[in-house]
Amino acid sequence: QVHLVESGGGLVQAGGSLRLSCAASGHTFSEYHMAWFRQAPGTEREFVAHIRPMGVAKYYADSAKGRFTISRDNTKNTLILQMNNLKPADTAVYYCAAARRAGDVRAISNYDSWGQGTQVTVSS
């Protein structure tokens, strides 16, 4: 399994931006399908965005479309989530996840490795 460490979370006002990073190690990053999920208190973990190994195909949850951008740098083993126009509803712990296969990109069970999460708090 690949080891994942998220960073970049914090407190931001509504309308602001944050850039989350996920550093991968232990295996060939460029072979993995990568994704971001999030979990707010009292709710289930939910899909945010997914990117294929070569970074061409991307998928977003409806809540993220037009505001969030997922990207990756395979030379630096890094996954990025650029979040703009943040809303209080975006408050959650954000997790990066890795999968060896495509599968259902929105399904938690599709992913083999998870980071520890980074807290994002958006104030109104």
Side-chain angles (χ1 to χ4, degrees):
Q1 292 183 338
V2 63
H3 181 63
L4 304 172
V5 178
E6 302 94 336
S7 61
L11 173 64
V12 63
Q13 289 186 334
S17 299
L18 280 176
R19 181 181 174 90
L20 304 184
S21 297
C22 175
S25 62
H27 284 272
T28 306
F29 178 69
S30 61
E31 294 178 354
Y32 284 83
H33 301 259
M34 299 297 298
W36 289 96
F37 285 74
R38 68 186 184 185
Q39 188 168 17
T43 69
E44 295 185 352
R45 193 169 298 188
E46 65 176 10
F47 169 77
V48 175
H50 174 101
I51 187 168
R52 297 295 199 201
M54 290 297 103
V56 175
K58 303 176 184 180
Y59 306 88
Y60 294 93
D62 288 344
S63 59
K65 288 179 182 176
R67 300 188 300 125
F68 294 3
T69 301
I70 189 171
S71 62
R72 66 192 295 164
D73 186 340
N74 288 343
T75 67
K76 297 181 179 179
N77 293 348
T78 301
L79 176 73
I80 300 293
L81 185 68
Q82 177 67 44
M83 305 187 293
N84 299 327
N85 190 21
L86 283 161
K87 305 174 181 180
D90 296 317
T91 296
V93 177
Y94 283 71
Y95 299 89
C96 66
R100 294 301 299 268
R101 59 200 177 281
D104 180 353
V105 302
R106 291 171 171 79
I108 293 172
S109 59
N110 189 54
Y111 296 88
D112 310 303
S113 301
W114 294 83
Q116 83 290 347
T118 185
Q119 176 70 47
V120 171
T121 303
V122 184
S123 63
S124 58

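Values in this document were obtained by computation on a predicted structure and should not be read as measured data. All values below were derived from every heavy atom in this structure, side-chain atoms included, with hydrogens, water molecules and symmetry-related copies excluded.
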Run the ring-ring contact (aromatic ring centres under 6.0 Å, His included) test on Phe37 and Tyr95 for me, step by step, so that the C-alpha distance in whole Å, both residues' side-chain angles and the decisive distance to 0.1 Å come before the verdict.
CA-CA 5 Å; Phe37 285 74; Tyr95 299 89; 8.7 Å; no

Begin with the C-alpha distance, continue with both residues' side-chain angles, and end with the deciding distance and a verdict on side-chain contact (heavy atoms from CB on, under 4.5 Å) for Ile80 and Asp73.
CA-CA 8 Å; Ile80 300 293; Asp73 186 340; over 6 Å; no

Please test Tyr59 against Arg106 for side-chain hydrogen bond (donor to acceptor under 3.5 Å, both in side chains), starting from the C-alpha separation and ending with a verdict.
CA-CA 9 Å; Tyr59 306 88; Arg106 291 171 171 79; over 6 Å; no

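In summary, Asp90 and Lys87 do not engage in a salt bridge, as defined by a charged side-chain N under 4.0 Å from a carboxylate O.
Between the side chain of Asp112 and the backbone N or O of Arg100, at least one donor-acceptor pair lies under 3.5 Å. Under a 3.5 Å cut-off, the side chain of Thr91 and the backbone N or O of Val122 do form a donor-acceptor pair. Judged purely by atom type and a 3.5 angstrom limit, Asn110 has no side-chain atom pairing as donor or acceptor with the backbone of Ala99. Checked by atom type and distance alone, the side chain of Thr118 pairs as donor or acceptor with a backbone atom of Gly9 at under 3.5 Å. In terms of modelled atom types and a separation under 3.5 Å, the side chain of Glu6 and the main chain of Gly117 share a donor-acceptor contact.
The side-chain contact (heavy atoms from CB on, under 4.5 Å) test applied to Glu44 returns no partner, not counting sequence neighbours. Residues meeting the side chain to side chain donor-acceptor pair (under 3.5 Å) test with Thr69, sequence neighbours left out: none.
Separating the OG atom in Ser113 from the CE atom in Met34 is a distance of 8.5 Å, to the nearest 0.5 Å. Note that CG of Leu86 is 5.5 Å distant from CG of Leu18, once rounded to the nearest 0.5 Å. Atom CG of Leu81 and atom SG of Cys96 lie 10.5 Å apart (nearest 0.5 Å). To the nearest 0.5 Å, atom CG of residue Leu4 and atom CD of residue Gln116 are 9.0 Å apart. Taken from OH in Tyr111 to CZ in Arg101, the straight-line distance is 9.5 Å, to the nearest 0.5 Å.
Nearest heavy atoms, Pro88 versus Ser124: CG-CB, 3.9 Å. Across Ala92 and Ala40, no two heavy atoms sit closer than the pair CB-N, 3.8 Å. Between Val2 and Ala98, the shortest heavy-atom contact is CG1-CB, 3.4 Å. Closest heavy-atom contact between Lys65 and Tyr60: CE-O, 3.5 Å. When all heavy atoms are compared, the tightest approach of Thr78 to Lys76 is OG1-O, 2.9 Å.
Contact check for Arg52 versus His33: side-chain heavy atoms found under the 4.5 Å cut-off. No side-chain heavy atom of Trp36 sits under 4.5 Å from any side-chain heavy atom of His50. Side-chain contact check for Val93 versus Arg38: every heavy-atom pair is 4.5 Å or farther apart. Looking at Ser7 and Arg19, their side chains never come closer than 4.5 Å, going by heavy atoms from C-beta outward. Residues Gln82 and Ile70 form no side-chain contact, since every pair of their non-hydrogen atoms from C-beta on lies 4.5 Å or further apart. Side-chain atoms of Met54 and Ser30, non-hydrogen and from C-beta on, do get closer than 4.5 Å to each other.
Of the options Val48, Asn84, Leu20, Asn85, a side chain to side chain contact (heavy atoms under 4.5 Å, CB included) to Phe68 is made by Val48 and by none of the others.
Pairs of residues two or more places apart, or lying in two chains, never qualify as disulfide (SG to SG under 2.5 Å) while including a residue from residues 31-70.
The 12-atom threshold is exceeded at NZ of Lys58, counting heavy atoms of other residues, nucleotides or ligands nearer than 6.0 Å.
With a 6.0 Å cutoff to the six-membered ring centre and a 45° limit on the axis angle, Arg72 counts as a cation-pi contact of Phe29.
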